[in-house]
Trainee: 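My questions all concern the structure below.
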Protein chains: 2
Amino acid sequence: MAQRVNVKSVTVKDEPTARAQRRRQTEERILSSARRAFAQRGFERATIRAIAAEAEVDPALVIQYFGSKQELFQRSVQLGSVPPLSGDVDELVEAVLARIGMKIGSLPQATLAMMRSMLTHPEAADQARATLDGQVVELGSAIEAEDADLRAALMVSTMLGVTIAHQLLDLTALRGASPQKIAELLRPGLRAVAGVDPQ
Amino acid sequence: MAQRVNVKSVTVKDEPTARAQRRRQTEERILSSARRAFAQRGFERATIRAIAAEAEVDPALVIQYFGSKQELFQRSVQLGSVPPLSGDVDELVEAVLARIGMKIGSLPQATLAMMRSMLTHPEAADQARATLDGQVVELGSAIEAEDADLRAALMVSTMLGVTIAHQLLDLTALRGASPQKIAELLRPGLRAVAGVDPQ
DNA sequence: CCATTCGCTCAACACTTGTTGACTCAACGA
DNA sequence: TCGTTGAGTCAACAAGTGTTGAGCGAATGG
């Protein structure tokens, strides 16, 4: 149970002191609980008390570490950098589909927290809008057809809708569906919206 | 300002008494404020006090009339019957598109309230899931291709995504877009998902 | 005309929320 | 070894929430 810890930091460099180590551990534990809570209850229903309880920590500590519930939320939804899409339209569509095929069902809690809260929490809405707008621009600049941005926005909206229906609403018809199957059925439609022959 | 009212109910039948009339008026006024509040803040952030204030009424009256915030919400999201879809696949796709073409931008507050709350309010989620599941079945039973229900679910999800992105998130690229244009761009994609040649 | 109904308000309750400041005590560094 | 730092707790506060019960006064109807 008790984990042995170097007392004097014998090794050469920046061996983190036991205290700092412990601090980062609890901080990470809190963040993890927070992400889970925000992801499945949304910003308003997730309470600091519940988060603290799951992290086995006093509520006051959460505030002491993160400043406020809002700041905790911001830290919670910060996601590891998403590699930017690139290539021609065909490749982009495939990339988007692959993202669904692989990642749906295993989306990071940060993303789910974000999506869960974006309709009711104004700051989450702003951030979501910014993120989605960004993807629209990325996609749009590769589309040659007229109304590139509008088409891109519709593609993004489609993926958004499928993700919400599947991950957050748990639509019955999507419950058992395999991500690959979904991607496969979506492909012709997405290609059509992107303005290339559906093939 | 003062509207003349029959004192003795001279006319033959069921002339509503002034009191009852007044009551239904305030009840409707409260419902209207509630719908607006739920639609733009969501269930948790919409407060009874704010609703009552906008309806120029005491908060207690809201509870007295509707029982609880939850019951008020249920009454608020009850929407006038949606005509069930019917016909073959082509007609169904057109009907769905027409619904976007006409109604996006002028969706009833009840629907918006529902959608706004469905990710964070469990009861709203249940009701939304039920409604969407219903539409999936309607659509699915008309699709001849394999995976009819899955295809139907993807169509419904697409419409859901577009509506959310347009009405609730206010995506920049969708901001100015005309509903007809959106429907037009969506058509080939939807037809593809429905399993008919995109044409 | 008068007793009763009933729309409506007022003030308060009970509870939950985020947040704060004083405090404890083990780890730390010299 | 000893003073200091800092992780973590405890109890409490202030604000806001939904909800309740007593009460007022006008409409009602006999």
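Below, chains carry the letters A, B, ... as their sequence lines are ordered, and counting in each starts from 1.
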Trainee: Is I104(A) close to Q167(A) at the side-chain level, that is, under 4.5 Å between some pair of heavy atoms?
Mentor: yes
Trainee: Between atom CD1 in I30(A) and atom P in dA7(D), what is the gap in whole Å?
Mentor: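 My rounded result for the distance is 11 Å.
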Trainee: Among the nucleotides dC8(C), dT9(C), dC6(C), which one has an atom lying closest to any side-chain atom of R19(B)?
Mentor: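 The nucleotide sitting nearest to the side chain is dC6(C).
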Trainee: Side-chain N or O of T17(B) less than 4.0 angstrom from OP1 or OP2 on dA27(D)?
Mentor: no
Trainee: Between P on dT20(C) and CG on L61(A), what's the gap in Å once rounded to a whole number?
Mentor: 14 Å
Trainee: Summarise protein proximity over nucleotides 11-20 of chain D in one line of letters, 5' to 3': B for base, S for sugar-phosphate only, - for none, counting protein heavy atoms closer than 4.0 Å.
Mentor: -B----BBSB
Trainee: Is the shortest heavy-atom distance from the side chain of L174(A) to the side chain of L154(B) under 4.5 Å?
Mentor: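 Side-chain contact under 4.5 Å: yes.
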Trainee: Can you check whether L132(B) reaches T172(A) side chain to side chain, under 4.5 Å on heavy atoms?
Mentor: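 Sidechains of T172(A) and L132(B): no contact.
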Trainee: From CZ of R22(A) over to C1' of dA26(C), roughly how many Å is that when rounded to an integer?
Mentor: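 My rounded result for the distance is 9 Å.
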Trainee: Any side-chain heavy atom of Q74(A) sitting closer than 4.5 Å to one from E123(A)?
Mentor: yes
Trainee: Rounded to whole angstrom units, what separation is found between the OH atom of Y65(A) and the P atom of dG6(D)?
Mentor: 12 Å
Trainee: Just the rounded figure in Å: distance from P of dA27(C) to CD of Q25(A).
Mentor: 14 Å
Trainee: Can you measure H121(A) atom NE2 to dG18(C) atom P for me and round it to whole angstrom units?
Mentor: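 So the NE2-P distance, H121(A) to dG18(C), works out to 12 Å.
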Trainee: Without decimals, in angstroms, what is the distance between R24(A) CZ and dA27(C) C1'?
Mentor: 16 Å
Trainee: Side-chain contact, heavy-atom cut-off 4.5 Å: M114(B) with Q78(B)?
Mentor: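 They are not in contact (no side-chain heavy atoms under 4.5 Å apart), so the answer is no.
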Trainee: Do R23(A) and Y65(A) meet the cation-pi criteria used here (NZ or CZ under 6.0 Å from the six-membered ring centre, within 45° of the axis)?
Mentor: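 Geometry flag: set, cation within 6.0 Å and 45°.
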